[in-house]
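Each remark here refers to the structure printed beneath this line.
Hydrogens, waters and symmetry mates play no part in the numbers below; they use all other heavy atoms, side chains included.
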Amino acid sequence: MSIAEAVGAWFLQNRRDLPWRREGFGAWGILVSEIMLQQTPVVRVIPRLEQWLERWPTPADLAASPPGDAVRAWERLGYPRRALNLHAAATVIAERHGNVVPSDVGDLLTLPGIGDYTARAVASFAYGMRHPVVDTNVRRVLARAVAGRGEAGPPSTRRDLAAMEAVLPIDPAAAQLTNAAVMELGAVVCTARAPRCDACPLVDSCAWRAAGYPPYEGPKAAAQKRFEGSDRQVRGLIMAELRGSDIPVTALEIEQLWPDAAQRDRALAGLIADGLVVAGDDGFELP
DNA sequence: GACCCGTGGAT
DNA sequence: TATCCAAGGGT
């Protein structure tokens, strides 16, 4: 049995009941979910997604609101530029695509905040187009089951897409199922820390297992920088202050948020440059 | 390719 | 407590 067949059969029996997998969940909802899921766990996305789609059922609805409303509704999902990008993407979809999320990967890739993963995820999951979908879960599953390595190592779009393509069935519907199934396997069984090989449909064919689980030795991804004391933390504090205020936040109020003036000014300038903060006569506010 | 960008739970 | 990790993308 092929990897696609084994993982697909497992998926049909074990998949989680997630909102974006519901029958009739539209392309817009899938696009919003994919943006929210970028580097953000499923459990934190679900409630925010449902509120978002209730308020903005189509791209044009979102485009009709100020971008700051999107940033505010994003709340604490993190990486608020995703909210800004999603608003910008919705505007393009409303104005140039007839308020319909594109199904073409090339079109999707031109939208802000949509990269190699998200473009193919939308094309595959929302429209059934046959494309390899590669996220961190897929990379890990293929590294182990196929390449026999414990970790995927640094990403390479070309190599990663080719690796998944080699596993993908020809039939588009089967390919869509395989994409979802391999992702799901990586998310709940072939996990980064403690893989549950006893529950894995690939246990008998896994190259990493067959090799005796050799430790990973290749190049390691750069370690994530410390968050405490970082510019990220300062940006987060400023954004939280702006989200929580209906009126412009004064320079004095921002000064109270962080003692280091140089770092504070750098963070604020960065937020303004990113379009997440607008400087006005009365202070600083969301766009 | 390296680095930056939030937030919070698990280990 | 410190580090890891989470359906990535932009520069």
Could you see if [X] belongs to whatever hydrophobic cluster contains [Y]? Use Ile, Leu, Val, Met, Phe, Trp, Tyr and a side-chain cutoff under 4.5 Å.
| X | Y | answer |
| --- | --- | --- |
| A:W74 | A:V277 | no |
| A:V146 | A:V203 | no |
| A:W208 | A:Y216 | no |
| A:W52 | A:I46 | yes |
| A:V71 | A:L49 | no |

Rounded distance in Å - [atom1] ([X]) to [atom2] ([N]):
| X | N | atom1 | atom2 | value |
| --- | --- | --- | --- | --- |
| A:F125 | C:dA7 | CZ | C1' | 8 Å |
| A:R139 | C:dC5 | CZ | C1' | 14 Å |
| A:D274 | B:dC4 | CG | C1' | 10 Å |
| A:N85 | B:dG6 | CG | C1' | 14 Å |
| A:L84 | C:dG10 | CG | P | 13 Å |
| A:D160 | B:dG1 | CG | P | 10 Å |
| A:I46 | C:dA7 | CD1 | P | 12 Å |
| A:M164 | C:dA7 | CE | P | 15 Å |

A:T40 and A:R82: side chain donor to acceptor below 3.5 Å:
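Result is yes, a qualifying pair exists.
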A:P41 or A:G113, whichever maps to the more 5' nucleotide of DNA chain C:
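Upstream on the strand: A:P41.
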Backbone N/O of A:V188 and side chain of A:R196: donor-acceptor pair under 3.5 Å:
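Side chain of A:R196 to backbone of A:V188: a pair is present.
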Could you please name the option among [options] that lies closest to any side-chain atom of [X]?
| X | options | answer |
| --- | --- | --- |
| A:Q38 | B:dG6, C:dG8, C:dA7 | C:dG8 |
| A:R76 | B:dT7, C:dA7, C:dA2 | B:dT7 |
| A:T118 | C:dC5, B:dC3, C:dG9 | C:dG9 |
| A:L37 | C:dA6, B:dT7, C:dA7 | C:dA7 |

Quick one: label [X] by what it contacts on the DNA or RNA (base, sugar-phosphate, nothing), any heavy atom closer than 4.0 Å.
| X | result |
| --- | --- |
| A:I35 | nothing |
| A:G115 | sugar-phosphate |
| A:S230 | nothing |
| A:L18 | base |
| A:A192 | sugar-phosphate |
| A:W74 | nothing |

Take atom [atom1] in [N] and the same atom in [M], then report the distance between them in whole Å.
| N | M | atom1 | answer |
| --- | --- | --- | --- |
| C:dG8 | B:dG1 | C1' | 16 Å |
| C:dT11 | B:dT7 | C1' | 22 Å |
| B:dC3 | C:dC4 | P | 16 Å |
| B:dC4 | C:dA7 | P | 23 Å |
| B:dG8 | C:dG9 | P | 22 Å |

N or O in side chain of [X] less than 4.0 angstrom from [N] OP1/OP2:
| X | N | result |
| --- | --- | --- |
| A:R120 | C:dG9 | no |
| A:R243 | B:dT7 | yes |
| A:Q39 | C:dG8 | yes |
| A:K225 | B:dC4 | yes |
| A:R193 | B:dA10 | no |

Could one point to a donor on the side chain of [X] or the base of [N] with an acceptor on the other under 3.5 Å away?
| X | N | result |
| --- | --- | --- |
| A:Q224 | C:dC5 | yes |
| A:T40 | B:dG8 | no |
| A:R44 | B:dT7 | yes |

Which sits closer to the 5' end of DNA chain B, A:P154 or A:Q233, going by the nucleotide each is nearest to?
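Going by which nucleotide is closer to the 5' end, it is A:P154.
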